[in-house]
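Single-structure report; data block below.
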Amino acid sequence: MHDPDFRTEPAPGALTPLAEIVTGWFTESARNLPWRHPGTTAWSVLVSEVMLQQTPVSRVLPVYEQWLGRWPTPAALAADSAGEAVRLWGKLGYPRRALRLHACAVAITRKHGGVVPDGLTELLSLPGVGEYTARAVQAFAYGRRAAVVDTNVRRVLARAVGGQAQAGPPSTTRDLAAMEAVLPDADTAAALFCAAMMELGAVVCTSASPSCASCPVLGVCAWRLAGSPAYDGPVARPQRFAGTDRQVRGLLMDVLRSAHHPVPQSALDVVWPVDAQRQRAQDALVADGLIDPLPDGRFALPA
DNA sequence: GACCCGTGGTT
DNA sequence: TAACCAAGGGT
């Protein structure tokens, strides 16, 4: 079978209108972010991607600079302690990411000759590197064609292509297929498109109140062309924070980060009045490897 | 798929 | 002010 009208068949290697517009816009107006600078290493891309997981750019920037200033290579971080990685992580949140990034540095140093791998399987085997981060490294560090799908890309695809106000529940299979369908064929064009889609979602096609009036994709957006119908899909239930174990864990870690020496149990006990919950959180942090119980009964960041 | 894991700015 | 939101990953 073939298309009876050859003129509707895009030329091999040609970009879709969406890709054409988004990449053109990105080339003109991309934010100036340090991990996009020329000379950025694969390691610095990996560090930035992990830090940016669930954390806004503005809060990542200072910590990113500190981390790479101190640990410019995986070997440099691997030679330091996990506790220092956690301490310099500061208040970025989800400190297990710091622990995993340190474990990444060790694995890269020992198993990959100090070079961040570029294969999907090798990347996915690294601690803290999932479907998003692995492909982000392939695309942004190595310029490879990879379907990079984060929350921004999911939202832009849902609107511009799917005609929906919001993205449905995440599904790696569906999400990757949706991105593959519009991803340019060539390596460089594909990587640029991924970055452009993320940027559009982060800056223009935002979650709550998108700036459609200034959107470069307005003319081809399926959602706008459909009259901006309201979202009718499933609604995720909100997650609380106040009073949860996560808050208690955060308070405990703040004590350990601030103290530059081991602390006694009493220093941890003062952060939360509910003994059972505080103890549960503390035990979980020990199990996670974020707190190191010393033989003398005191506690410290991991060695 | 559901749930857990931090933190702080914005609405 | 409570809820929402931010370049996800692991179990």
Side-chain angles (χ1 to χ4, degrees), chain A residues 26 30-31 33-36 44-64 86 89-101 103-104 123-141 146-156 166-176 179 191 194-203 205-210 231 234-257 271-272 277 280-281 284-285 287-291:
Chain A
F26 181 67
R31 289 170 294 175
L33 301 174
W35 42 87
R36 291 174 175 169
S44 59
V45 169
L46 176 57
V47 170
S48 74
E49 292 300 341
V50 173
M51 286 185 173
L52 287 163
Q53 292 170 2
Q54 302 289 285
T55 305
V57 168
S58 60
R59 286 180 32 216
V60 164
L61 287 173
V63 182
Y64 170 84
V86 172
W89 194 257
K91 308 196 79 170
L92 277 189
Y94 295 142
R96 292 187 296 185
R97 290 182 294 166
L99 221 46
R100 290 171 180 153
L101 211 33
C104 268
L123 285 164
L124 287 172
S125 75
L126 295 174
V129 176
E131 299 289 352
Y132 162 75
T133 304
R135 289 175 173 79
V137 170
Q138 287 190 297
F140 306 143
V148 183
V149 182
D150 72 333
T151 185
N152 292 305
V153 172
R154 278 168 36 74
R155 185 172 54 250
V156 173
Q166 298 176 216
S171 160
T172 300
T173 304
R174 287 197 304 270
D175 296 340
L176 286 177
M179 187 58 167
C194 290
M197 289 287 277
M198 291 175 62
E199 183 84 350
L200 188 68
V203 176
C205 193
T206 54
S207 179
S209 52
Y231 181 68
V235 177
R237 104 182 205 292
Q239 58 172 339
R240 292 190 325 281
F241 175 69
T244 63
D245 286 10
R246 291 159 69 194
Q247 182 183 15
V248 182
R249 287 168 59 107
L251 293 171
L252 291 170
M253 289 307 298
D254 198 30
V255 172
L256 273 293
R257 275 196 308 267
V271 306
W272 195 254
Q277 186 182 23
R280 181 173 68 241
L285 288 170
D288 286 346
L290 282 165
I291 292 183

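Note on naming: letters A, B, ... go to the chains in the order of the sequence lines (proteins, then strands), and numbering restarts at 1 for each one. None of the values given here were measured: they were computed from a predicted structure.
Position along DNA chain B of the nearest nucleotide to S171(A) versus Q239(A) favours S171(A) as the more 5'-ward residue. Annotation: of the two residues near DNA chain C, P56(A) and P127(A), the 5′-most nearest-nucleotide partner is P56(A).
Within the 4.0 angstrom heavy-atom criterion, base atoms lie near G93(A). R154(A) comes within 4.0 angstrom of nothing in the nucleic acid, heavy atoms only. The residue E131(A) sits close only to the backbone: its heavy atoms come under 4.0 Å of sugar-phosphate atoms, none of a base. Among the protein residues, V129(A) comes within range of the sugar-phosphate backbone only, with heavy atoms under 4.0 Å from sugar or phosphate atoms but none that close to a base. Residue contacts for T206(A): at a heavy-atom cut-off of 4.0 Å it reaches no nucleic acid atom on any strand shown. Base contact: R36(A) has a heavy atom under 4.0 Å from a base atom. Across all strands, W89(A) comes closer than 4.0 Å to no nucleic acid atom at all (heavy-atom distances). Across all strands, P169(A) comes closer than 4.0 Å to no nucleic acid atom at all (heavy-atom distances). R280(A) comes within contact range of no nucleotide atom at all, as no heavy-atom separation falls under 4.0 Å. D288(A) comes within 4.0 angstrom of no nucleic acid atom, judged by non-hydrogen atoms across all strands. As judged by a 4.0 angstrom heavy-atom cut-off over every strand, L33(A) is placed among the base-contacting residues.
Residues V148(A) and Q138(A) are not in side-chain contact: their nearest non-hydrogen atoms beyond the backbone lie 4.5 Å or more apart. You'll find the side chain of V60(A) reaches within 4.5 Å of the side chain of W35(A), heavy atoms only.
With distances taken from any side-chain atom of R100(A) to the nucleotides dG10(C), dG6(B), dG9(C), the minimum falls on dG10(C). In this structure, the nucleotide among dG6(B), dA6(C), dG8(C) sitting nearest to the side chain of P95(A) is dG6(B).
Regarding L126(A), its CG atom lies at a distance of 15 Å from the C1' atom of dG8(C), rounded to whole Å. For Q53(A) and dG6(B), the CD to C1' distance is 13 Å, given to the nearest whole Å. Residue D175(A) contributes atom CG, which lies 10 Å from atom P of dG1(B) at whole-angstrom precision. Going from atom CG of L124(A) over to atom P of dT11(C) covers 14 Å, rounded to whole Å. The CZ-P distance, from F241(A) to dA2(C), rounds to 15 Å in whole Å. Protein atom CG of L251(A) is 10 Å distant from nucleotide atom P of dG8(B), rounded to whole Å. Protein atom CZ of R96(A) is 12 Å distant from nucleotide atom P of dT7(B), rounded to whole Å. Atom P of nucleotide dC5(B) and atom CG of L101(A) are separated by 21 Å, given to the nearest angstrom.
Side-chain atoms of T151(A) and base atoms of dG8(C) include no donor and acceptor less than 3.5 Å apart. Below the 3.5 angstrom threshold, one finds no donor paired with an acceptor across the side chain of R249(A) and the base of dG6(B).
A donor-acceptor pair under 3.5 Å is absent between the side-chain atoms of D288(A) and the main chain of L290(A), judged by distance alone. R155(A) contributes no side-chain N or O that, together with a main-chain N or O of Q166(A), makes up a donor-acceptor pair within less than 3.5 Å. Formation of a donor-acceptor pair under 3.5 Å by the T55(A) side chain with backbone atoms of L52(A) is not found in this model.
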For this session: Check the pair R246(A), Y94(A) against side chain to side chain donor-acceptor pair (under 3.5 Å), reporting the backbone distance first and the verdict last.
Result: CA-CA 9 Å; R246(A) 291 159 69 194; Y94(A) 295 142; 3.1 Å; yes
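The side chain of S207(A) places an N or O atom within less than 4.0 Å of a non-bridging phosphate oxygen (OP1 or OP2) of dC5(C). Look at R240(A) and you won't find any side-chain N or O under 4.0 angstrom from OP1 or OP2 of dC5(B). OP1 or OP2 of dG6(B) has not a single side-chain nitrogen or oxygen of K91(A) nearer than 4.0 Å.
Separation of the P atoms belonging to dC4(B) and dA7(C) is 23 Å when rounded to the nearest angstrom. Comparing dG6(B) with dA6(C), their C1' atoms sit 12 Å apart, to the nearest whole Å.
Comment: R36(A) engages E199(A) in a salt bridge, judged by a side-chain N to carboxylate O separation of less than 4.0 angstrom.
For CZ of R240(A), the number of neighbouring non-hydrogen atoms (other residues, nucleotides, ligands) closer than 6.0 Å is 12 at most.
Atom CE of M197(A) and atom SG of C205(A) lie 8.5 Å apart (nearest 0.5 Å).
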Considering only nitrogen or oxygen atoms on both sides, find all protein atoms under 3.5 Å from nucleotides 9-11 of chain B and state each distance.
none

